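Proteins get letters first, then strands, A, B, ... in listed order; numbering begins at 1 in each. No experiment lies behind these values; they were computed from the predicted model shown.
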Amino acid sequence: MALSSWKELPIGTIITEPGNAREFKTGDWRSQRPIWDSEKCIHCLFCFIYCPDSSIKVNEEGKMTGIDLDYCKGCGICAEECPKEAIHMEIEKR
Amino acid sequence: MPSLKELSKNADLFTGGHRACSGCAGPIVIKQVLSVAGPQTIASLSTGCMEVVSTIYPYTAWNIPYIHVAFETAASALSGVEAAYQVLRRKGKVKGKWNLIAFSGDGGTYDIGFQGLSGAVERGHDFLYVCYNNEAYMNTGIQRSSATPRGAHTTTSPAGTVIPGKKQFHKNLVEVIAAHGAPYVAQAIPSNWADFTRKVRKALDTEGPTVIDILAPCPLGWRYPSNKTIEVARLAVECKFWPLYEVENGKYKLNYRPRKEVPVEEWLRLQGRFAHLFTPENEHIIKEIQEGVDRRWESLLEKCG
Amino acid sequence: MPIRALTGNEAMAEAMRQINPDVVAAYPITPATEIVQLFASFVADGCVDTEFVTVESEHSAIAACIGASGAGARVMTSTSSQGLALMHELLYVAAGLRAPIVICEVNRTLSSPINIHCDHSDTMGSREAGWIQIFAEDAQEAYDLTLQAIKISEEVLLPIMISTDAFIISHCMQRVDMLEDSEVQKFIGPYKAAYSLFDKTITIGPLDLQDYYFEHKRQEIEAMWKTAPVIEKVAQEFASKFGRSYGLFEAYKTEDAEQVIVACGSTCGTTRVVIDNLREKGIKIGLLKLYAMRPFPHQKLKEVLSKAKLITVLDRSVSMSTMGGPVYIELRSALYDAPKHPLLVDYIYGLGGRDIDMDQITDIALKGEQIIKDNKVEKPVQYVGLRE
Amino acid sequence: MTKVFEIRWHGRGGQGAKTAALLFGNAVMSTGKYLQAFPEYGPERMGAPVQAFNRLSDSQISLHCGIKEPDIVIILDPTLLESQPVTKGLKAEGTIIVNTLLEPKELREKLNLATQKIFTVDASGISRDLLGRELPNTPMLGALTKVSDIIGLEDLVKYAKKKLEKKFRGKGSGIVEGNLEAIKKAYNNVRGG
C-alpha cells in the first residue's frame, strides 16, 4: 500500500477496508511447512478450529481443501492435533 | 452444539495476515468466538496482544466493526457502545440484533481494567466479555499479572536465587464476577472448542453481562514449542489447574471431569516458565501448587453440588 | 423565551436537557455533581430520550462516551478537577478518534493539597489534549456556549469542553434567558455521525506506527486550525437568531485602550466593572475576555492587542515552566511577531478559590498605568492576593 | 435600586439561609430585575455557621467576587451574634435584621453599632406559632421585604406561594398557607430603624 499524504487519509485513524490484513502475508515468517495428505484426511476440521492463522482452507461443503501458505506461520498445531497424522511438518527450504 | 462444518462458515470474520506469534492461542480464541457470534457483532478490544497484532494501520484483521480505546477500557468503552445501541435502536436508527463482545487479556481484565469490568457488570450492560487469559502481560514482554500462577517465572517475578518466581496464587476471576451476580460466567479452554463455543452461544443468548475466562497458552511467555499450544491447554484442564465450569444465575455446574488423576507437575513440566521448580530446593513449591489446585478443585466440587 | 433563575450547573444541565443527547455517561464530582444529578432526574422523569450510563469513574465515563460516539451517538458528559485529570489519558484518545464529545466542565483546582474551589489548573492541564476549550463567564454564557459547543464540535469533529468557574458560577444563581426546546433543536440540528460502528464495518482505534501516526496527528492539528472560524461562524448564527454575541473573545473598550486586561472566566465580569469605574476617571483601559483557550486565537489577538501599550494578564493557574501562567505565556508567544510589541505583565491570582475583588483588580490596573509611564516592566510575573 | 444591592445571610447549616437567599433572589427576578444568589461553600455540615449571599439590581450584574461590604445583613439564628463576626463589613448606612426577642435598642449596644439601621423580629416565635416548627427563614423574608424596599410584599408573597406550592405539592395547602402567613406576620411585626 502506497503511503498517503495526511490530506488523503480518512479521519480519526479509521480503517475502512475490513479484513484487509489479508494483504499482509505472514507466510514468510515460516521455518516449517505443513504438508497435508488428502488421502489420510477425514475432514474432522480440528486443524481448522485450532489454527491461529486462518490458514486451513475449508470449502462450502465443510471439507478441508488445503493450507493457505500465504498466512501459515508454521506453528505446527495442525500437525500436532491431527488425529490421523494427515499433516506433518517439513523444514522450509527457501 | 454447532458442528465444525457450521462454524467454518464464519471463518473469515477474523482474517489471516494478523501478526500474532506463531502458535498463539489468542487468534484461536477470537476465531472460535466469532464462528459462533457471526457477522452481526461488534468487538471492543483493550490494548494488548490481540489489539496490537490485529490492527496495525492501515491493516485490520477484523471483518466486523471493531473499536479499541485504551488498555483498561474494553468493558467501559463497550458500555458506551451498548448504551448507543439501546438508544439508537429505540429511535429506529439501528436495526437488527447485534452481539457486543469485549476481548481483553488478563492484564486488561484482572488488573488495570478490573474496575471498568466490575462497573460494567454491575450496571448490567448486555454484552459478552471474553478474557483471553495468557497469565501475564505478554504484550509488554511477559510481566506478572494477578492471573499469573504461583511459581511462574515472568520478567517481574523472575526465578531468582532468593525468590523462585511468583509468590502468590492467581486471582479467581470467575468467582469474583459471579459474586457480582452476573447472569452467566464461565471458565473455558480453546482445546475444548465444543465446550467453549457452547458457552459463547449461551452467553450471547443470555440477557445482561456475561463473562468467559478462557486460558490462552502463550508459547513465548510459557516457554513451550509453538505446536504444543492445544496440548498445554488440554493438560491444564486434565490436571484440574483450569477446571471447565460455568455459573448460571449463581448456580455452579462442572462441565468436564477429568477421567484420570493427572498431577499438576505434568502440566508444569511442559513449560519453561516453571523449569526452576524442578530442583531439590524448589520442589516444595510444586507441592504447594498441587495443594492449591486440590483445594480449589474441592471447593468447586462443593459449589457444584 | 423562558427566563429562569439558574445556577451555572443548572444552566448547563438545562442545556443538556434541551440538546437531548443520545448518550450521557458521567460520574459526579464536586462542584459539577449537580449537573449529573439534574440530568439523572431528567432521565428519571422521561424529559429526555438519553441512555444515561452511571459509570463507576470518570475514566470509564469518557471511555463510554468514546465508545458511544464510535457507535454513532451524540454524546455529552460533565466533570471537574480530579475527574478531568482521571480522564486525561482518554481525552487524547477522544481527540485522536475525532469524536465530537461535549464536556460540561467546572473549573476546580487539582490536588495536592486537596481543595474543591475554583482555579483553572484542571482545564489548563488538559490544554494539549486536542480538545476545543471555551471558558464561560457566567451561567448565561455557560448555557449559550453549551448549545454552541454541539455545533462547533460536530462540524470540526473535535471534542469540546465548556467550562465555568467552581462555585463562583457553578453555584451562583442568576437570571438566564433560555431558548425554547424547539429552538434549541432547530439550532443544533439532527446528528449525523461522521462514522459509526453500526453503519459500516470499520476498525476504530488501530495501532498507528511511525509510518502513519504523524499524518493522523497532522490531520488533528488541521482540524484545530479550522476550528477558530467555525467558533466565529456558530457565534454569528447564534447572535443573529438569539441576540447574544460570542466568538473567540470579547474585546471590551479595547479600541482606544492603552492598557488591556486579559482574563478568562468569571473574573472578567468583575474586571468589567473595574474598567467602567476607571474609564469614568479618564483612564484608557479595556478588557479582553478570552472565550477560546483552544484553539488559542493568536492571529486575531495579535491584531487587537498589539495596539495597546500594556497587556495585563490575569492567570488563574500557573505553568511550572516558571515563566508565568498559561494565558500569559501563550499571549507573549502570539505577540512575538506582531508589528508592535506591547509591554506584558502577568498576575497569578485566585489559586484554590481565593477571591479576587474589585480593589485588587483596580490596584493591578493602576500599577499598569505606572508601568506605561515608566515604559518598563520590573517584575513580569507577580502574585495577587498572596501573603508574602 | 439602580446600583447593585448586596445582602449577606447568616444561619446554621439546615436553617435555610441558602434557600431563603435563592427564594428572595428569584422573587426579585420575577419583578423584572436581576439577581445573584450564592452560598458560601466549605466542608461544613448541619449546624455549622453558614452564609449565603444576594446581589440584586435593575440591570445585569457582572460582579463575580465575594460580597465583603453588604448593604444588609440578616441573622437567622441569634446565637450567631456571639460566635460570628456578623457585622463585619456592614456598610455605615447599612441595615441589620436579626431573628431575636431583643429590642433593637438592646441590640445596638450589644453589637456596638452606631450608624446602621437595626431591625428585630421574633421569626422563631412566628414560625413555631404558624408552622409548628422552628423555621425562621421564611418569616425573615417578610422582615427583609418590609425593611429593604427591594420588592413589594404582594410580589414576594405571590412568588413565594408559587414556589412553596411546587415544593410542598401533595402535602396539603396548610403548610403553604402557614409559610405565607409567617412572611406577612414578620412583615408586620419587624421593629426598629
Side-chain angles (χ1 to χ4, degrees), chain C residues 3-10 30-31 33 108 114-118 136-141 164-177 244 250 252 263 265-277 287 289 316 349-350 353-362 385, chain D residues 2-9 17-45 50-70 88-89 151 155-156 159-160 162-163 166-167 169:
Chain C
I3 295 171
R4 298 270 304 274
L6 301 173
T7 64
N9 282 344
E10 288 168 346
T30 303
T33 302
R108 169 188 147 184
I114 188 167
N115 175 307
I116 55 169
H117 292 282
C118 173
E137 180 188 314
D138 59 15
Q140 180 72 59
E141 291 197 352
T164 66
D165 284 351
F167 296 109
I168 302 165
I169 302 303
S170 67
H171 286 64
C172 177
M173 181 173 273
Q174 67 167 83
R175 173 178 155 149
V176 176
D177 291 18
R244 291 186 292 274
E250 175 203 341
Y252 181 71
S266 62
T267 303
C268 294
T270 310
T271 306
R272 202 179 292 110
V273 178
V274 170
I275 281 168
D276 288 346
N277 292 344
L287 163 72
K289 173 167 80 179
R316 202 163 197 152
Y349 76 99
R354 180 148 308 164
D355 194 24
I356 184 165
D357 62 20
M358 285 167 62
D359 291 347
Q360 287 167 317
I361 299 171
T362 306
Chain D
T2 48
K3 61 164 193 126
V4 176
F5 203 85
E6 296 180 325
I7 302 173
R8 184 173 73 214
W9 300 73
K18 179 187 162 189
T19 309
L22 295 182
L23 199 146
F24 190 70
N26 265 280
V28 171
M29 192 188 80
S30 73
T31 66
K33 293 177 170 139
Y34 289 80
L35 86 147
Q36 280 183 2
F38 53 99
E40 162 208 54
Y41 272 91
E44 290 85 4
R45 298 293 193 266
V50 294
Q51 297 176 32
F53 305 89
N54 279 124
R55 272 198 183 99
L56 305 158
S57 177
D58 290 332
S59 53
Q60 201 169 335
I61 306 164
S62 79
L63 279 177
H64 295 299
C65 49
I67 290 174
K68 287 183 178 152
E69 293 177 0
K88 192 179 170 191
I151 185 172
D155 285 329
L156 179 87
Y159 180 80
K162 196 173 106 191
K163 190 81 189 170
K166 202 172 159 196
K167 186 176 171 183
R169 196 172 35 195

Student: Check whether any side-chain N or O of C/R316 sits under 3.5 Å from a backbone N or O of C/G350 as a donor-acceptor pair, and report yes or no.
Tutor: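 Checked: pair present.
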Student: Checking salt bridge (charged side-chain N to carboxylate O under 4.0 Å, His left out) for the pair C/R4/C/E10: CA distance, chi angles, key distance, verdict?
Tutor: CA-CA 10 Å; C/R4 298 270 304 274; C/E10 288 168 346; over 6 Å; no
Student: Identify, with sequence neighbours excluded, every residue that meets salt bridge (Lys or Arg N to Asp or Glu O under 4.0 Å) alongside D/D155.
Tutor: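 Salt bridge (Lys or Arg N to Asp or Glu O under 4.0 Å) list for D/D155, sorted by chain: empty.
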Student: Sequence neighbours left out, what passes salt bridge (Lys or Arg N to Asp or Glu O under 4.0 Å) with D/R8? Give chain and number order.
Tutor: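 Listed in chain order: nothing, the list is empty.
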Student: With a 4.5 angstrom heavy-atom cut-off, which part of C/Q360 approaches chain D: side chain, backbone, both or neither?
Tutor: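 Contact with chain D is absent: no heavy atom of C/Q360 under 4.5 Å.
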Student: Please give me the minimum heavy-atom distance between C/T270 and D/C65, naming the atom from each residue.
Tutor: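 Scanning both residues completely, I find the closest heavy atoms to be OG1-N, 3.4 Å.
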Student: Please flag which part of C/D355 lies under 4.5 Å from any non-hydrogen atom of chain D: side chain, backbone, both or neither.
Tutor: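 Contact with chain D: side chain only.
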Student: Quick one: of D/A21, D/G66, D/S62, who has the most non-hydrogen atom pairs under 4.5 Å with chain C?
Tutor: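 That would be D/S62.
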Student: Is it the side chain or the backbone of C/I361 that comes within 4.5 Å of chain D heavy atoms, both, or neither?
Tutor: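 C/I361 has no heavy atom closer than 4.5 Å to chain D.
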Student: Let's test your reading of the structure: which of C/H171, C/H117, C/R175, C/Q174 forms the most heavy-atom pairs below 4.5 Å with chain D?
Tutor: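 The candidate making the most pairs under 4.5 Å is C/R175.
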